[in-house]
Structure formats: structure tokens, C-alpha cells
Amino acid sequence: KPVSNVTRIILAHGIVDLFTPDREGPGVLTADSLNNMINEKKASFIALGDRHSRTKIGTSERIWYSGSPEVTDFNEVEPGFAQVVEIDGEKVIVTPVPIGQWAFIDKERIDINNIEDINTLKSMLDSMKHKEHTALRLKLVGSISLTQNKVLQQSLDAVRDVFATFLVSNDSLMVVPDDADFSDLGFSGFVETTINRLRQKMIADTIEKEAARDALMLLIRLSGGVS
């Protein structure tokens, strides 16, 4: 029931219907019911748990998920906070206080098309603070040669074990042998003819394109050109 001259704080744990498609599920809290409790002065503040992202419900400052004290996943918004709530009658001030020591960083697109891009990525990785408390996820996009890929992998390997978690997605990164990859190998005769044939298939937009690229890469590795 409504109260006056009393500060009443409600603690609740569960998902609010704004954040789930199963709005009729058991244990789901409705934003309308929470707002009604505030508007009808049945509560001064509602502190919610379950959602790891710091989130305000409604337009007032009186209904909040404070979030988790430490980040636990890449998709969380403003985790790692405690909240100081000051209530003075009709006035409520909510102040976030950072307490988290960990970071989850998701680089959704990093373009890698030349050695300059690789050096830029290396500089970014080297400059990142608190690597031992950082989970990092990279998505690499672009096209590079075998020689450039060797430099890239060396740069990634140099920091891989320093980060708490180091995930690299390179499904969108094409490794395509170029002239520089063949220049010092000294191929001739049948091998040179085979290489030229594979390179033509690799350039052409055919179903043999990936197989030709893989065959070229294997041939160069076996020759000792690129480890």
C-alpha cells in the first residue's frame, strides 16, 4: 500500500518483460507493474538483479538494474559498476561507481589488406592495457599474401598468451599468394607450369578457386618458402 514519510526499497530478481520474448513466462516482471508501484508511492526505489548490463527501467531514476560487478560476456552494456542511490523525498540520485577489474573487448571488423594494416593492428595490441584481465575478440577482414600472413600470425602469436582470452576470427580474411611469394623459390619446368595453372584457377571465379589456393599454399610451405 502507499506509504508516506517512509523510504521503502524493493529488491527483486528476474527479467523484465522488455527484455524477453516470453513475456508471459513464470517469474517475468512487467515494466508497467514496477512503474505503477513507483507512481502509486508503494516504493521509493526498486533495485533489480539478473540482468548483467546496467539498465534503467522507465523514465524516473527509481528502477534500476545495477548490472554485474564484473563483466562476464562480450554483449554486456555497462557492467562492472556498483550504484550509490541517494533518496531524499521526491529526489533520487543514482551514481555509478566503477569497481570492475576485467574487460571484454569485441573488435567486430579489422581490415587487413597490406603490411601497414598489420603494423597498425600490432600497435593496437601492444598498446592495450591490463591484457591479463582482458578478453579480446577480433574479426579480421580483407585479403593478404602468404608472406604478409606470416607476419600477421607472428604478431598475433606474440601477444596470444598475454591476454586472458584471445579469440581471432579469420573466416573473412583471404590469404592469396602473390608474385612476391614465388619470387625467391626458383621454380621451373613442370612445377612452374603447374603453379601458373593453379594461379589462373585461383583468380578465376570457379568452384576450383579455393582448392587451387590451398594447393598453392601447400606447395609453397613444402618448398620452405613460407612457414
Side-chain angles (χ1 to χ4, degrees), residues 19 48-56 61 64-85 93-185 202 210 213-214 216-218 220-221 223-227:
F19 307 113
L48 301 173
D50 180 65
R51 182 173 171 83
H52 289 191
S53 299
R54 180 175 176 267
T55 309
K56 181 169 72 172
E61 293 294 313
W64 277 91
Y65 283 100
S66 60
S68 60
E70 283 288 358
V71 60
T72 63
D73 206 346
F74 290 100
N75 59 359
E76 294 169 4
V77 180
E78 287 194 279
F81 287 91
Q83 296 205 127
V84 175
V85 181
I93 300 175
V94 179
T95 305
V97 178
I99 61 173
Q101 302 298 310
W102 286 73
F104 277 54
I105 299 174
D106 191 5
K107 299 292 185 180
E108 295 183 350
R109 180 188 177 105
I110 297 180
D111 290 295
I112 301 292
N113 292 293
N114 49 52
I115 199 67
E116 288 77 16
D117 290 339
I118 296 172
N119 289 335
T120 298
L121 172 60
K122 182 178 184 301
S123 297
M124 182 197 74
L125 295 174
D126 290 341
S127 66
M128 294 182 71
K129 307 294 185 182
H130 310 299
K131 296 181 180 66
E132 70 279 7
H133 288 160
T134 299
L136 179 62
R137 184 164 64 187
L138 309 175
K139 181 177 181 180
L140 307 183
V141 179
S143 176
I144 55 177
S145 70
L146 280 171
T147 303
Q148 292 167 344
N149 185 56
K150 180 180 180 180
V151 176
L152 171 64
Q153 296 307 319
Q154 289 173 338
S155 299
L156 297 177
D157 289 342
V159 297
R160 189 180 303 276
D161 294 335
V162 181
F163 285 90
T165 301
F166 191 75
L167 305 174
V168 179
S169 171
N170 54 13
D171 293 343
S172 298
L173 180 67
M174 295 290 293
V175 180
V176 182
D178 65 7
D179 291 339
D181 292 325
F182 298 94
S183 59
D184 297 326
L185 297 180
M202 185 187 68
E210 290 190 12
R213 186 195 66 212
D214 292 343
L216 276 172
M217 292 172 65
L218 177 60
I220 293 176
R221 289 194 183 99
S223 70
V226 177
S227 59

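Sequential numbering from 1 along the given sequence is applied to the chain's residues. Scope of the values below: all heavy atoms of this structure, side chains included, with no hydrogens, waters or symmetry mates.
Atom CZ of Phe81 is separated from atom OG1 of Thr95 by 11.5 Å, given to the nearest 0.5 angstrom. For the atom pair CG (Leu167) and CG (Leu136), the distance works out to 8.0 Å, reported to the nearest 0.5 Å. With rounding to the nearest 0.5 Å, the separation of CG in Leu48 from OG in Ser66 is 8.5 Å. Once rounded to the nearest 0.5 Å, the distance linking CE of Met174 with CD1 of Ile112 reads 15.5 Å. Rounding to the nearest 0.5 Å gives a distance of 13.0 Å between CD of Gln83 and CD1 of Ile93.
Minimum heavy-atom separation, Lys139 to Ser172: CE-OG, 3.9 Å. In terms of heavy-atom proximity, Leu173 sits nearest to Ser143 at CD1-N, 4.1 Å. Residue Asp117 comes nearest to Asn113 through the heavy atom pair OD2-N, 2.9 Å, listed as atom of the first residue, atom of the second, then distance. Across all their heavy atoms, Ala164 and Trp102 have their closest contact at CB-CZ3, 3.4 Å. Residues Asp73 and Phe104 share a closest heavy-atom pair of C-CD2, 3.4 Å. The two atoms that bring Ser68 and Glu70 nearest to each other are OG-O, 2.7 Å, heavy atoms only.
When each of Ile118, Ile115, Asp157 is paired with Leu152, the side-chain contact (heavy atoms from CB on, under 4.5 Å) condition holds for Ile118 and for no other.
Sorted by first then second residue, the salt bridge (Lys or Arg N to Asp or Glu O under 4.0 Å) pairs that include residues 97-114, not counting sequence neighbours, are Asp106-Arg137, Arg109-Asp111.
Counting heavy atoms of neighbouring residues, nucleotides and ligands inside a 6.0 Å radius, atom NE2 of His133 exceeds 12 of them. The neighbour count for Lys131 NZ, taken as heavy atoms of other residues, nucleotides or ligands under 6.0 Å away, is above 12.
Counting only heavy atoms from C-beta outward, the side chains of Leu138 and Phe166 approach each other to under 4.5 Å. Side-chain contact between Pro96 and Glu78 is absent, with no heavy atoms from C-beta onward closer than 4.5 Å.
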Donor-acceptor contacts under 3.5 Å from residues 121-128 side chains, at least two apart:
from: Lys122; atom 1: NZ; to: Asp126; atom 2: OD2; distance (Å): 3.0
from: Ser123; atom 1: OG; to: Asn119; atom 2: O; distance (Å): 3.1
from: Ser127; atom 1: OG; to: Ser123; atom 2: O; distance (Å): 3.2
from: Ser127; atom 1: OG; to: Met124; atom 2: O; distance (Å): 2.9

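Relative ring orientation between Tyr65 and Phe19 is described as perpendicular, the plane-to-plane angle rising above 60° on a 0-90° scale split at 30° and 60°.
Side-chain N or O atoms of Ser53 include one that pairs as donor or acceptor with a backbone N or O of Val77 at under 3.5 Å.
In this view, Gln153 and Asn149 satisfy the side chain to side chain donor-acceptor pair (under 3.5 Å) rule, not counting sequence neighbours.
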